[in-house]
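First the structure, in the form of structure tokens, and then the observations on it.
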Amino acid sequence: MPAPQTARPTGYDLMAGTGEGWPHLLKRFPDIGAITAVDISSGMHRRAMQRLHAHRAHKIAFIEDDVLASDLPDASADFVVSTFGLKTFNRE
Ligand SMILES: C[S@@+](CC[C@H](N)C(=O)[O-])C[C@H]1O[C@@H](n2cnc3c(N)ncnc32)[C@H](O)[C@@H]1O
């Protein structure tokens, strides 16, 4: 990912699941203000926050949303990432 051009950038992780990318993202760009995890399932997010990400919880927000029919506002993020998300879908 190219370096975001804003101070304390915020962005979305689509189909965030357990957030395996967050440690790497925050290590590479320590200035990140917040990552908003977007996932259709809040349960997986809640468990991952307790088990894996408690010490970075102040940098992680969550929105329960279907990314294929999303209400996320236009131009509301400085970056968007998705790791191992697309593999979930069939070709259609
Ligand atoms: C393989 S996991 C993603 C792994 C995750 N990105 C990571 O780095 O740990 C797939 C995720 O996509 C979510 N998901 C599937 N369909 C979705 C949809 N239509 N909208 C949002 N999330 C969806 C699932 O709930 C699941 O958490």
Side-chain angles (χ1 to χ4, degrees):
M1 185 177 88
Q5 296 302 304
T6 49
R8 301 193 54 73
T10 63
Y12 296 123
D13 181 5
L14 302 182
M15 297 171 278
T18 55
E20 287 184 52
W22 305 340
H24 307 287
L25 199 54
L26 292 170
K27 184 173 178 197
R28 173 72 179 83
F29 302 110
D31 191 35
I32 282 177
I35 302 168
T36 298
V38 181
D39 201 286
I40 206 164
S41 160
S42 59
M44 188 184 285
H45 174 76
R46 204 168 36 247
R47 281 192 295 277
M49 287 304 297
Q50 290 164 353
R51 196 166 48 86
L52 301 171
H53 303 295
H55 58 295
R56 60 180 74 89
H58 60 293
K59 294 254 185 175
I60 310 295
F62 178 74
I63 294 177
E64 188 172 312
D65 190 32
D66 179 348
V67 300
L68 299 180
S70 177
D71 289 326
L72 294 177
D74 290 347
S76 56
D78 301 305
F79 63 88
V80 177
V81 297
S82 182
T83 53
F84 312 118
L86 292 178
K87 72 172 185 151
T88 309
F89 299 114
N90 63 25
R91 187 175 291 274
E92 208 171 48

query: Just wondering, do L26 and K59 contact through their side chains at under 4.5 Å, heavy atoms?
result: yes
- request: Side-chain contact test, heavy atoms from C-beta onward, threshold under 4.5 Å: evaluate it for M44 versus T18 and give yes or no.
  value: yes
query: If you look at every heavy atom in A37 and A16, which pair is closest and at what distance?
result: CB-CB, 3.5 Å
task: Would you mind listing every side chain to side chain donor-acceptor pair (under 3.5 Å) that reaches into residues 44-57, with sequence neighbours excluded?
output: H53-R56
- prompt: Just by modelled atom types, is the V67 backbone N or O under 3.5 Å from a matching donor or acceptor in the D65 side chain?
  reply: no
query: Counting heavy atoms not belonging to D74, are there more than 12 under 6.0 Å from its CG?
result: no
- request: Mind checking the CD1-CG spacing from I35 to D13? Nearest 0.5 Å is all I need.
  value: 7.0 Å
- prompt: Would you say the side chain of F62 lies within less than 4.5 Å of the side chain of T36, judging by non-hydrogen atoms?
  reply: no
query: Can you name the nearest heavy-atom pair linking A3 to F29, along with the distance?
result: CA-CE2, 3.6 Å
- prompt: Do L14 and V81 come close enough that some side-chain heavy atom pair is under 4.5 Å?
  reply: no
I32 vs L25 side-chain heavy atoms within contact, under 4.5 Å: yes
query: Distance only, no hydrogens: is a donor on one side chain within 3.5 Å (strictly under) of an acceptor on the other, for Y12 and S82?
result: no
- prompt: Heavy atoms, side chains only, cut-off 4.5 Å: are I60 and M49 in contact?
  reply: yes
- line: Hits for side chain to side chain contact (heavy atoms under 4.5 Å, CB included) against D78, two or more places apart or cross-chain, chain-then-number order -> T6, P9, T10
- request: Nearest 0.5 Å please: distance from the CD1 atom of I40 over to the OG atom of S70.
  value: 10.5 Å
Minimum-distance pair of heavy atoms, taken over all atoms of F79 and P4: CD2-CG, 4.1 Å
